[in-house]
A.B. asks: 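Quick one: this structure, given as structure tokens, is what I'll be asking you about.
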Amino acid sequence: MRWSRALIPTLKEDPADAEVVSHRLMVRAGLLRPAARGVYTYLPLLLRSILKVSQIIREELDRMGAVELLPPILHPAELWKETGRWDLYGPLLMRVTDRHERGYALGPTHEEIVTDLIRREVRSYRQLPLSVYQIQTKFRDEIRPRFGVMRAREFLMKDAYSFDPDEVSMANTYQKFHDAYCAIFDRCGLAYRAVEAEAGEIGGTVNHEFMVLAGTGESAVLSCGACGYAAASERAESAPREHQLPDGHQPKPLEVVDTPGQTTVDEVAQLLGKPAEAFVKTLLFEADDNTVAVLVRGDREINEAKLGRLLAVERVEMATPERVVKVTGAEVGFAGPHTLPDGIRIIADYSLAGRGDLVAGANQTDRHVTGLEIGRDVEPHEWADVSVAIDGDPCPQCGQPLKETRGIEVGHIFQLGTKYSVAMGATFLDESGSPVPFEMGCYGLGVTRVIAAAIEQNHDDRGIIWPVAIAPYEVEVIPLNMDSEAVVKTAEQIYEACQAAHLETLLDDRPDRAGSKFADADLIGIPWRVVVGDRGVEEGVVEVASRREAEPVTVAPNEVANHLRERIEPARHGSD
RNA sequence: CGGGGAGUAGCUCAGCCCGGUAGAGCACUACGUUCGGGACGUAGGGGUCGCAGGUUCAAAUCCUGUCUCCCCGACCA
């Protein structure tokens, strides 16, 4: 392809609204242009990269026995009502209405549509296990789209759905997808790790997230250097701790202090001149018909999923303000653990273990208490791990401190069990002729996010450094002087030879000066560069250099294609 | 949804306080000089200053409303 015809609109300056490096570089390097908030046109360079990633996905999934199909984007509302997700998915679901006033969703994920297909078409255990996948645009009306394609409202995703006759078979299929994902991310040149994760709204029990390690990632991962435990922050657990006060701790008397209008930990902390760690945050939750008080250190957050598992309920919800007033006798913002009514179960998070002289709400409007001691002023019914884990918490497996790193979630795989098959009446007939619900799994992989993550991990201050396997082109030929007949002729010959050698080649045929061509070449980051200049052509050589290691070698023009093929072909299949 | 910021040329921005014929750099067109790491000169094209009202002899500038975009935060007591 000739640059002059390729629609590669590079920019000298950073776009004003792009914050993370992948977004900046995608716009500057002419890969991406916005159409609306969180909605983008993928320009030719980006599309080529997308097709490469898609091809890698197809090869790996086909190899493990999954089959590709293409369901609709437009989903009839009835299917989403069958699983209850028409309401549960909330505003994240894009909805449209047709001329007959029938409701549709623009697919954010395809459990319903695929399960509907399979329940109609698959009758017998003889047809199982079956795994289907698609690569298609997904729609999610995100609260806050940001970071370019990392969190867009319209994005490309590979999603797969597996149907197995029993749990053992399903776990086996799950492991195959797990391995295929590793192969895919390896081939895309990503440094990643699979971590235990929270299922969230999708449901099911066992699930893993694939995190590409990057400081700008939106997700936090907690991992243990000692035993290898790793989990997403929403999921990560921490080991139990004993409530043992430090030696020499002198308990103070419980005192009530006025804190008019100060309802948050930060406000009261500022007023009293104490750190947030010295606070007890007392949160009231409704679990089924019971009200539960959960105590957590002032600077920590409750993990509602953990709380739900502890209480063995499907969902916990914060108590309403009316309920808080009724239980504590005070306005919201002044709840404390020490004078709660008898019927309230009190759960203390391990983050409070070993802490004394605490500040808490007084259960009186506009008042807090200081000098609170757990064990003296309040006896929790239970100590538990119900807070969001943070850096330094003890590892649940070995007790060593967990370390927090950031990552980009590029894939998430789930063992769903029978949640959707039961909800939608999707069954097959087993050997005895009895209907049995399918054991399902689902497997997401963000195609555009993989590319953003690859750029986050592979760039320098001048631009992108594409891994060969997903680069839009493999070779860029740069004639430095378009007015020199000899240079142009040599460059054209090399361009032809590279194409004949099946190297994906871009020829920078623009009449620009050398400096700006070099700068653009660095920016768009094609892995191999062939520089054709007057000086070299006179001596019968051109320069070949990789984007990653800038040191060029001189090569005779008629040997360039072979020289490059030897280097590029081995790198195509996997990371460079 | 709450809080902050911004809408002026394709892009990055100045001008606004203090009202008086709309600017710079980059990009684009032409010509000339230049030509191995984002050249220079000359000439040129391009903007109803987000939109709608209002004040005024006069509004990018002051006032009101509205829309859009960006950032931070979202049942965390």
Side-chain angles (χ1 to χ4, degrees), chain A residues 9-20 23-24 27-28 30 33-39 90-91 143-148 259 261-269 276 279-286 293-304 307 315-325 327-328 330-337 349 351 359-363 365-366 368 386-388 462-463 478-484 487 508 510-523 529-538 541-543 545 550 552 554:
Chain A
T10 57
L11 299 175
K12 272 191 195 176
E13 285 169 285
D14 281 334
D17 57 352
E19 283 201 294
V20 298
H23 186 197
R24 271 208 307 275
V27 174
R28 277 195 62 207
R33 287 294 183 270
R37 169 170 244 241
V39 179
I143 294 178
R144 193 142 87 83
R146 59 181 136 177
F147 305 152
T259 53
Q262 312 294 296
T263 62
T264 68
V265 168
D266 283 347
E267 285 166 359
V268 180
F279 281 64
V280 179
K281 206 148 67 174
T282 306
L283 304 174
L284 298 177
F285 286 89
E286 299 291 344
V294 181
L295 314 185
V296 64
R297 212 170 74 188
D299 59 328
R300 301 291 296 264
E301 296 184 358
I302 296 286
N303 183 323
E304 289 185 18
L307 183 59
R315 246 185 122 137
V316 292
E317 280 181 48
M318 302 285 298
T320 60
E322 298 76 41
R323 182 81 192 143
V324 172
V325 170
V327 169
T328 66
E331 291 296 320
V332 168
F334 303 96
D349 182 69
S351 58
V359 183
N363 292 327
T365 299
D366 291 342
H368 281 74
V386 288
S387 62
V388 176
R462 293 178 314 201
I478 306 178
L480 290 181
N481 179 1
M482 294 300 288
D483 293 329
S484 158
V487 166
D508 190 349
R510 298 174 300 172
D512 300 31
R513 295 160 60 88
S516 84
K517 287 191 176 189
F518 284 136
D520 268 351
D522 289 338
L523 181 60
R529 175 188 308 181
V530 181
V531 175
V532 184
D534 286 301
R535 279 193 327 235
V537 168
E538 271 176 35
V541 293
V542 298
E543 287 167 18
T554 54

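The chains referred to below are lettered A, B, ... by the order of the sequence lines, with proteins before strands, and numbering in each begins at 1. Everything numeric here is computed off the predicted structure, so don't read it as measured data. These numbers come from the heavy atoms of this one structure, side chains and all, not from hydrogens, waters or symmetry mates.
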A.B. asks: Give A:Arg300 one of three labels, base, sugar-phosphate or nothing, depending on what nucleic acid heavy atoms sit under 4.0 Å from its own.
C.D. replies: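 Since no nucleic acid heavy atom lies under 4.0 Å of A:Arg300, the category is nothing.
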A.B. asks: Using a cut-off of 4.0 Å on non-hydrogen atoms, how would the nucleic acid contact of A:Arg24 be classed: base, sugar-phosphate, or nothing?
C.D. replies: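 Answer is nothing: A:Arg24 stays at 4.0 Å or more from every strand.
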A.B. asks: Would you mind telling me which of B:C71, B:C76, B:C13 lies closest to the side-chain atoms of A:Ala16?
C.D. replies: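 Minimum distance to the A:Ala16 side chain belongs to B:C13.
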A.B. asks: Say we look at B:C28 and B:C70: how far apart would their C1' atoms be, to the nearest angstrom?
C.D. replies: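 Each nucleotide's C1' atom is 28 Å from the other's.
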A.B. asks: For B:G4 and B:A39, measure between their C1' atoms and round to the nearest Å.
C.D. replies: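 My reading of the C1' atoms in B:G4 and B:A39 gives 42 Å.
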A.B. asks: Does A:Arg28 make a side-chain donor-acceptor contact with the base of B:G38, cut-off 3.5 Å?
C.D. replies: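 Indeed, a donor on one side and an acceptor on the other fall under 3.5 Å apart.
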A.B. asks: B:G25 P sits how many Å from A:Leu11 CG, rounded?
C.D. replies: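 One finds 19 Å between P of B:G25 and CG of A:Leu11, rounded.
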A.B. asks: Calculate the interatomic distance between A:Asp508 atom CG and B:G36 atom P; express it in whole Å.
C.D. replies: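 In whole Å, B:G36 P and A:Asp508 CG are 15 Å from each other.
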A.B. asks: Among B:G38, B:G36, B:C11, which nucleotide sits nearest the side chain of A:Arg535?
C.D. replies: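 Comparing B:G38, B:G36, B:C11 against the side chain of A:Arg535, the answer is B:G36.
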A.B. asks: Determine which nucleotide pairs with B:C28, using a 3.5 Å limit on both distances of a Watson-Crick or G-U wobble pair.
C.D. replies: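 Pairing partner: B:G44.
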A.B. asks: Pick the P atom in B:G50 and in B:A6, then give their distance to the nearest Å.
C.D. replies: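 Rounded to whole Å, the distance is 13 Å.
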A.B. asks: Whole Å only: how far is the CG atom of A:Asp512 from the P atom of B:A39?
C.D. replies: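 Going from A:Asp512 (CG) to B:A39 (P), I get 9 Å.
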A.B. asks: Could you check whether A:Ala519 gets within reach of a base, just the sugar-phosphate, or nothing at all, counting any heavy atom under 4.0 Å?
C.D. replies: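 Contact class for A:Ala519: base.
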A.B. asks: If I take atom OG from residue A:Ser351 and atom CG from residue A:Leu295, how far apart are they, to the nearest 0.5 angstrom?
C.D. replies: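 Output value for this atom pair is 9.0 Å.
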A.B. asks: Would you indicate which nucleotide in B:C76, B:G36, B:C71 comes nearest to any side-chain atom of A:Val531?
C.D. replies: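 Of the candidates, B:G36 comes closest.
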A.B. asks: Given that both distances must come in under 3.5 Å, which nucleotide forms a Watson-Crick or G-U wobble pair with B:U21?
C.D. replies: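 B:U21 is paired with nothing.
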A.B. asks: Distance between the P atoms of B:U66 and B:A14, in whole angstroms?
C.D. replies: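 Here B:U66 and B:A14 have their P atoms 26 Å from each other.
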A.B. asks: Could you say whether A:Pro145 or A:Thr282 is positioned toward the 5' end of RNA chain B, judged by the nucleotide with the nearest heavy atom to each?
C.D. replies: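 The answer here is A:Pro145.
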A.B. asks: On RNA chain B, check which nucleotide each of A:Arg529 and A:Val265 is closest to and give me the residue with the more 5' one.
C.D. replies: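 On the 5' side of the pair lies A:Arg529.
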A.B. asks: For nucleotides B:A9 and B:U64, find the distance between their P atoms and express it as a whole number of Å.
C.D. replies: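 Roughly 25 Å separates the two P atoms.
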A.B. asks: What distance, rounded to whole Å, do you find between the two C1' atoms, one in B:G53 and one in B:U12?
C.D. replies: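 Straight-line distance between the two C1' atoms is 32 Å.
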A.B. asks: What's the closest nucleotide to the side chain of A:Glu19 if the choices are B:A74, B:C76, B:C71?
C.D. replies: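 Looking only at heavy atoms from C-beta outward on A:Glu19, the closest nucleotide is B:C71.
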A.B. asks: Of the nucleotides B:A27, B:C76, B:C72, which has the atom closest to the A:Lys12 side chain?
C.D. replies: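 Between B:A27, B:C76, B:C72, the one nearest the side chain of A:Lys12 would be B:A27.
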A.B. asks: Looking only at heavy atoms, which two atoms of A:Val532 and A:Val487 are closest? And how far apart?
C.D. replies: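 It is O-CG1, 3.5 Å.
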A.B. asks: In whole Å, measure the gap between the P atoms of B:C72 and B:G38 for me.
C.D. replies: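 35 Å, rounded to whole Å.
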A.B. asks: Measure from the side-chain heavy atoms of A:Ala514 and tell me the nearest of B:C76, B:G36, B:C72.
C.D. replies: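 The answer is B:G36.
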A.B. asks: Given the C1' atoms of B:U68 and B:C51, what is the spacing between them in whole Å?
C.D. replies: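 It works out to 10 Å between them.
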